[in-house]
Amino acid sequence: MDEHSRWEAYRRARRAAVAVVATAAAAGALTACAEQTDERDIRYAGDYGSHEPLAVVGYPSVDTLRIAQEVVWRTADGDAEELAALAAPGTVHSAPAPTARNWISAFGKGARGKVTAEFYDEGSKRQSIVLYFHTTGQVKQINTRAGMGGEDRDWYVFMDEADPAAATAVPSWIPKTPGALGSRSTT
């Protein structure tokens, strides 16, 4: 083999080795990212793609938007166990299982259609969210709070409406259309 042929063989072998190393590095980076990805993030991405988009009015935080979406998605899916799992632990008179069933029964059809979530006031620790179900014309207020140290979730929903009438009651201060109060509660 002449000098030129040896040089070309060396360059091809070197390019192949660089390609193998680069592929291995990329695969390693992807594996590291996959290991860091939380199961909830994967589920959230799947839910996001398989549900109707949530319209937003007001000023949600990333976390309050996420919990509002999860409430709507679990209600739409009719998944009482998963919906009840969003409940704030240790709340007074907490009744997450019957509340979840009430919400699914009352708002399931509306949750499968277009929904607007209006986020009231500042949401660093607590936030009131009003859900407008356009298909059914229903309105539902939910109250959320940030998790406290040692809890396994970032945000929770107050779920203490074991009575179906309480689950569907609409406080008088809530406007019939999103944005009418400028996302400021009167209470």
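What you are looking at is a predicted structure, and each value in this text was computed from that prediction instead of being measured.
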Chemist: Is the backbone of V56 close enough, under 3.5 Å, to the side chain of E118 for a donor and an acceptor to pair up by distance?
Modeler: no
Chemist: If you define the side chain from C-beta out and look only at heavy atoms, does anything of I129 sit under 4.5 Å from T144?
Modeler: yes
Chemist: Return the CD to CZ distance between Q69 and R74, rounded to the nearest 0.5 Å.
Modeler: 10.5 Å
Chemist: Do the side chains of Y132 and I174 get nearer than 4.5 Å, heavy atoms only?
Modeler: yes
Chemist: In plain terms, say whether D63 and R66 are close enough for a salt bridge, that is, a side-chain N and a carboxylate O under 4.0 Å apart.
Modeler: no
Chemist: Could you tell me if the side chain of F119 sits less than 4.5 Å from the side chain of V130, heavy atoms only?
Modeler: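 No - every pair of side-chain heavy atoms lies 4.5 Å or more apart.
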Chemist: As an exercise, state the distance from OH of Y120 to CD of Q141, rounded to the nearest 0.5 Å.
Modeler: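 Output value for this atom pair is 9.0 Å.
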Chemist: Nearest heavy-atom pair of A88 and R145: which atoms, and what distance?
Modeler: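 For A88 versus R145, the nearest heavy atoms are CB-NE, 3.9 Å.
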Chemist: Less than 4.5 Å apart, side chain to side chain, heavy atoms only: is that true for W155 and V62?
Modeler: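 Of all side-chain heavy-atom pairs linking V62 with W155, none is under 4.5 Å.
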Chemist: Centroid-to-centroid, F107 to F133, below 6.0 Å?
Modeler: yes
Chemist: Can you tell if the side chain of L83 reaches within under 4.5 Å of the side chain of V71, non-hydrogen atoms only?
Modeler: yes
Chemist: Checking T135 against R112 for the side-chain contact (heavy atoms from CB on, under 4.5 Å) test, could you report, in this order, the C-alpha distance in whole Å, the side-chain angles of both residues, the deciding distance, and whether it holds?
Modeler: CA-CA 8 Å; T135 304; R112 289 185 290 278; over 6 Å; no
Chemist: Does the pair Y59 and D121 meet the rule for a side-chain contact (heavy atoms from CB on, under 4.5 Å), with working shown?
Modeler: CA-CA 8 Å; Y59 302 97; D121 302 319; over 6 Å; no
Chemist: Can you confirm whether the side chains of Q127 and T64 place a donor and an acceptor under 3.5 Å from each other?
Modeler: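 Yes, because at least one side-chain N or O of Q127 sits under 3.5 Å from a partner of the opposite role on T64.
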Chemist: Distance from S128 atom OG to W173 atom CH2, nearest 0.5 Å?
Modeler: 4.5 Å
Chemist: With side-chain contact (heavy atoms from CB on, under 4.5 Å) as the criterion, how do L131 and T116 come out once you've worked through the C-alpha distance, each side chain's angles and the decisive distance to 0.1 Å?
Modeler: CA-CA 6 Å; L131 302 172; T116 298; over 6 Å; no
Chemist: Quick check for you: to the nearest 0.5 Å, what is the distance between T75 atom OG1 and H51 atom NE2?
Modeler: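 The NE2 atom of H51 is 9.5 Å from OG1 of T75, to the nearest 0.5 Å.
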Chemist: Flag the pair K140 and E161 as a salt bridge only when some basic side-chain nitrogen lies within less than 4.0 angstrom of an acidic carboxylate oxygen.
Modeler: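 Result for this pair is yes, salt bridge flagged.
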Chemist: Kindly indicate whether the side chain of W103, heavy atoms from C-beta on, has any atom under 4.5 Å from the side chain of P164.
Modeler: no
Chemist: What's the verdict on side-chain contact (heavy atoms from CB on, under 4.5 Å) for W73 and E82, showing C-alpha distance, side-chain angles and the deciding distance?
Modeler: CA-CA 10 Å; W73 296 338; E82 290 291 326; over 6 Å; no
Chemist: Indicate the atoms forming the closest heavy-atom contact of A55 with K114, along with that distance.
Modeler: CB-NZ, 3.9 Å
Chemist: Is a side-chain donor or acceptor of E52 paired with a backbone partner of L54 at a separation under 3.5 angstrom?
Modeler: no
Chemist: For A95 and A162, which heavy atoms make the closest approach, and how far apart are they?
Modeler: CB-CB, 3.8 Å
Chemist: Would you check if I67 and L86 make a side-chain contact, meaning some heavy-atom pair closer than 4.5 Å?
Modeler: yes
Chemist: Which heavy atom in M159 sits nearest to a heavy atom in A87, and how many Å separate them?
Modeler: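 Shortest heavy-atom separation between M159 and A87 comes out as SD-CB, 3.6 Å.
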